[in-house]
There are 2 protein chains.
Amino acid sequence: MEKPDTGKYALHAKILKALAHPTRLFLVDALGKKEHCVCELTEMVGADTSTVSRHLSLLKNAGIVGIEKRGTNVYYALKIPCALNFLRCSREVMEASLAEQIKAIRKQ
Amino acid sequence: MEKPDTGKYALHAKILKALAHPTRLFLVDALGKKEHCVCELTEMVGADTSTVSRHLSLLKNAGIVGIEKRGTNVYYALKIPCALNFLRCSREVMEASLAEQIKAIRKQ
DNA sequence: TGGTTATTTGGCAATATAGCCAAATAGAAA
DNA sequence: TTTCTATTTGGCTATATTGCCAAATAACCA
């Protein structure tokens, strides 16, 4: 068994970290349906443009989304469609975790 | 489409965040094979006991692992086996992301 | 050219996270 | 009881993350 902080675990954690934020999950969900420019996403998210831009560039750095410039707009699109499967998959974990937590509360 | 910071996305992000650390991924991997006490895990991880204990309690709060006290030891076990499927699933994302990043570097 | 719009980036403050050491706690055994 | 071991928690520092505003940049249009 490999120790943590070796490549494998660090890399894996990096990807999870990139997705581990409500706004970024929202963005990935939205981009999974179709590409959007920053202004559209800003409108959907309801935060400052600069904030949304930073979240998007973080996702870009993780290799999850890509960009295409058209006119003054920058269009973001999901580059890794399997990220959606992964999210669906992790939602099961979320639901199971929730169920466990409810059980734990009842036990108190 | 639901806005971020509503329950669904926040909860999902919480679970991902709990897993988004090299040491915690390592711990989940180890506990996926069999239960372990903190001292065993500390040995495997190679960090301070207090650090490992804190990572474990974070996983416990997320509902991912559970404990059983036996003697002076505390045994941790994976409470949500589907977390392993999820990790396998997210590894695909990691690999795809890596491939995309390599492509991006080549383009420069 | 100058002006307008979309986006990114610098800078800052608030907050969260991670790690260690040392102290507190819990249980087992002498 | 005291002592020992395993684990958790308090306290601290260092670092990372988030979000906003304001300034910089980029691409278009007049």
Side-chain angles (χ1 to χ4, degrees), chain A residues 3-6 9-28 30-31 35-62 64-77 104, chain B residues 3-6 9-28 30-31 34-62 64-77 104 108:
Chain A
K3 285 219 176 183
D5 272 319
T6 25
Y9 290 105
L11 190 60
H12 198 167
K14 203 184 137 199
I15 300 285
L16 291 177
K17 221 164 151 183
L19 291 164
H21 189 286
T23 299
R24 293 195 291 272
L25 286 176
F26 176 90
L27 291 169
V28 170
L31 297 173
E35 63 159 31
H36 287 286
C37 64
V38 180
C39 55
E40 288 168 336
L41 295 168
T42 296
E43 173 69 23
M44 290 189 235
V45 168
D48 197 273
T49 314
S50 66
T51 300
V52 175
S53 173
R54 282 232 158 84
H55 281 302
L56 287 166
S57 86
L58 202 153
L59 288 171
K60 182 158 67 92
N61 283 335
I64 296 164
V65 302
I67 63 167
E68 195 187 314
K69 297 186 184 183
R70 290 208 295 277
T72 60
N73 294 304
V74 177
Y75 285 85
Y76 279 80
Chain B
K3 285 218 174 182
D5 272 320
T6 24
Y9 290 104
L11 190 60
H12 198 168
K14 202 184 138 199
I15 300 286
L16 291 177
K17 223 165 149 182
L19 292 163
H21 189 285
T23 299
R24 293 196 291 271
L25 286 176
F26 175 91
L27 290 169
V28 170
L31 297 174
K34 69 185 193 72
E35 62 158 32
H36 287 285
C37 64
V38 180
C39 56
E40 288 168 338
L41 294 168
T42 296
E43 173 69 24
M44 289 189 234
V45 168
D48 197 273
T49 315
S50 65
T51 300
V52 176
S53 172
R54 283 230 158 87
H55 281 303
L56 288 166
S57 85
L58 202 152
L59 288 171
K60 183 158 67 89
N61 283 335
I64 297 163
V65 302
I67 63 166
E68 195 186 313
K69 296 184 184 183
R70 289 208 295 277
T72 61
N73 294 304
V74 176
Y75 285 85
Y76 279 81
Q108 280 170 5

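Chain letters run A, B, ... following the sequence lines, proteins first, then strands; residues in each count from 1. Since this is a predicted model, take the numbers as computed values, not measurements.
Within the nucleic acid shown, A:Lys17 comes within 4.0 Å of sugar-phosphate atoms alone, with no base atom in reach, counting heavy atoms only.
For A:Asp48 and D:dC21, the CG to C1' distance is 7 Å, given to the nearest whole Å. Following rounding to the nearest Å, B:His55 (NE2) and D:dT8 (C1') show an atom-to-atom distance of 15 Å. At whole-Å resolution of the value, CG in A:Leu19 and P in D:dT18 are 12 Å apart. Here C:dT7 presents its P atom at 18 Å from CG of A:Leu58, a figure rounded to the nearest Å. Rounded to whole Å, the distance from CG on A:Leu56 to C1' on C:dT9 is 14 Å. In this structure, CG of A:Leu41 is placed 15 Å from C1' of C:dT8, rounded to the nearest angstrom. Rounded to an integer number of Å, the gap from NE2 of B:His21 to C1' of C:dA16 is 13 Å. Atom pair B:Asn61:CG and C:dA16:P shows a separation of 15 Å (rounding to whole Å applied).
Closest heavy-atom contact between B:Leu19 and A:Leu16: O-CD1, 3.7 Å. The shortest non-hydrogen separation linking A:Ala18 to A:Ile64 is CB-CD1, 4.1 Å.
Remark: B:Met44 CE to B:Thr23 OG1 distance equals 13.0 Å, nearest 0.5 Å.
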Under 3.5 Å donor-acceptor pairs involving side-chain atoms of residues 68-77 of chain B, not counting sequence neighbours:
{"from": "B:Glu68", "atom 1": "OE2", "to": "B:Arg70", "atom 2": "NH1", "distance (Å)": "3.1"}
{"from": "B:Arg70", "atom 1": "NH2", "to": "B:Glu35", "atom 2": "OE2", "distance (Å)": "2.6"}

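Using a 4.5 Å cut-off on side-chain heavy atoms (C-beta onward), B:Leu41 and B:Leu31 make contact. Using a 4.5 Å heavy-atom cutoff, the side chains of A:Leu27 and A:Val65 are not in contact.
For A:Thr49, whose side chain is taken as the heavy atoms from C-beta onward, the closest listed nucleotide among C:dT7, D:dC20, D:dT9 is C:dT7.
When the side-chain nitrogen and oxygen atoms of B:His36 are compared with OP1 and OP2 of D:dT7, none of them lie within a distance under 4.0 Å. A close approach under 4.0 Å does occur between a side-chain nitrogen or oxygen of A:Arg24 and OP1 or OP2 of D:dT18. Under 4.0 angstrom from either OP1 or OP2 of C:dC20 there lies no side-chain N or O belonging to B:Ser50. Under 4.0 angstrom from either OP1 or OP2 of C:dT8 there lies at least one side-chain N or O belonging to A:Ser53.
Applying the side-chain contact (heavy atoms from CB on, under 4.5 Å) criterion to B:Thr49, with sequence neighbours excluded, gives B:Val38, B:Thr42.
Contacts between residues 67-76 of chain B and DNA chain D, counted as heavy-atom distances below 4.0 Å, involve B:Thr72, B:Asn73, B:Val74, B:Tyr76.
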